[in-house]
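Have a look at the structure below, then the notes.
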2 protein chains.
Amino acid sequence: MDIIRIDDPRDPRVAAYLDIRERDLVGRHGRFVAEGKVVLDVLFSAGRFAVESVLVLENRLAGLESTLRKAAPALPVYVASGEIIDRIAGFHMHRGILAIGNRGAGQPAESLLATLPAGALVVVLVGIANHDNMGSIFRNAAAFGADAVLMDATCCDPLYRKAIRVSVGAALKVPFASFGDAGHITALLDRLGFGQFALSPRGETDIRDAQRTDRLALYLGTEGEGLPEALLSRLRTVRIAMAQGFDSLNVAAASAIALHHFSRGG
Amino acid sequence: MDIIRIDDPRDPRVAAYLDIRERDLVGRHGRFVAEGKVVLDVLFSAGRFAVESVLVLENRLAGLESTLRKAAPALPVYVASGEIIDRIAGFHMHRGILAIGNRGAGQPAESLLATLPAGALVVVLVGIANHDNMGSIFRNAAAFGADAVLMDATCCDPLYRKAIRVSVGAALKVPFASFGDAGHITALLDRLGFGQFALSPRGETDIRDAQRTDRLALYLGTEGEGLPEALLSRLRTVRIAMAQGFDSLNVAAASAIALHHFSRGG
């Protein structure tokens, strides 16, 4: 790797790291920010995204050596003092380990589905607009061996900085794609031989009684509204049985239970 | 209820709401802050804590009527404009629905356990120091009908403002108590006839094969360190099977899976 000392926060080589928080809101021209040793480890190991550079606090470099060995040899690794890093990022970076990745072109859901194995497990998200939930769902998807995540246009960005952090890097590992029309995706998954289950508080089957199909798609919607009726009417619906009087489960918690149930992991 | 208009942010009647964020850090003399309509609904319905007052944005009062009807008739309900509420709270309160509750004396774990029914489900937390995780675990505990949560001294406060919010009020509903020595609690639960399971990535039994006992205690530890070895060696340990290469599950997600498995709800 190529270690480069940065002493000026306005150095053009670290321009991609400037004012990280503000730039979350306006997009980053095809880039994303990954933070922390564990996330960088997944970023390099999974190898799904090109990495443009790393910026690391000088006293964290030694501890990052085994992680950086997984990266391309020519990767620029910028090293700076705490004061310089804080001035670059625009706030206090107590972790002090950052990388800029390149999103690449993205993939239509159709071509991602074409790459999946015979016994694939796919998560389909509709209206997941909260980055914490998005990150947690990706983390659970990775933990239980999901092969892909498909998202409708009302879902938030899984490569948003906080979503990546909450996912502990899973958003950089589990392949994902966006789709426009849910009806189209449902028809396509059906043609591809996927059993399709929608999680809903009013689902017809207790999830404990739902059988894994060889290829399986699990649909998750928002906590408030749930999945649209038009979609629920075309899918097998499953519910998670809850105690009387408090039938409210976070969608990420629901994804953990459902993915664990349908997973073949272990 | 007693509706009182507040026009001065320094009015002593709303002193308990001053600078809410800062006061989170220094404690509040036996009080806690509950936010939002759904949380207040649980606060009044559960009736576990005395409520000192409510502070609500003037244009939210009408929508809160059915919730406030569950409160004591003499409850002071302070109503203010957005500008005044923001100046009281010290930041922009877009929800604009707050209540101050009284923690009461608290209960030793022993006396809480003495009140539990024959088929009780108890969650035992060791070292859960993150308020998001604490709130999520309480939410899952309520969703799956847990009768009590016991916490060691290294756990964070479930009545911290953010923990209550993330729990969607479950921290105000599910009875909890603190304990000092885990060994003492384990011996006590044993005497009271509880089967005791510890969740651990290296658990001896896949949770799918773990049988519910009539009275059951489920131990959860931190994500990083897990439960102390001294504790694990004395309990039946269960694991959640995960995909190869990404064996990291958030403790709240793990609690959802385990509580769903052991729950008799539905």
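Computed from heavy atoms alone, side chains included, the values below leave out hydrogens, waters and symmetry copies. Sequence lines set the chain letters: A, B, ... in the order given, protein chains first and strands last, and positions in each chain run from 1.
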Would you say the side chain of [Y] lies within less than 4.5 Å of the side chain of [X], judging by non-hydrogen atoms?
X      : Y      : answer
A:R139 : B:N250 : yes
A:L218 : A:L216 : yes
B:L159 : B:F176 : yes

Below 4.0 angstrom, N of the basic side chain to O of the carboxylate: do A:D41 and A:K173 qualify?
no
What I want to find out is whether B:R236 reaches B:E204 closely enough, with some N-O distance under 4.0 Å, to be called a salt bridge.
no
Chain B contact via [X] - which portion, at a heavy-atom distance below 4.5 Å:
X      : result
A:A142 : both
A:A258 : neither
A:L259 : neither
A:V38  : neither

Looking at CZ of A:F32 and CG of A:L172, how far apart are the two atoms once the value is rounded to the nearest 0.5 Å?
5.0 Å
Under a 4.5 Å heavy-atom cut-off, does chain A meet the side chain of B:A253, its backbone, both or neither?
both
Relative to chain B, which of A:G145, A:A146, A:A170, A:A254 shows the most heavy atom pairs under 4.5 Å?
A:A170
Interface residue of largest heavy-atom contact number with chain A, from B:S45, B:S255, B:A256, under 4.5 Å
B:A256
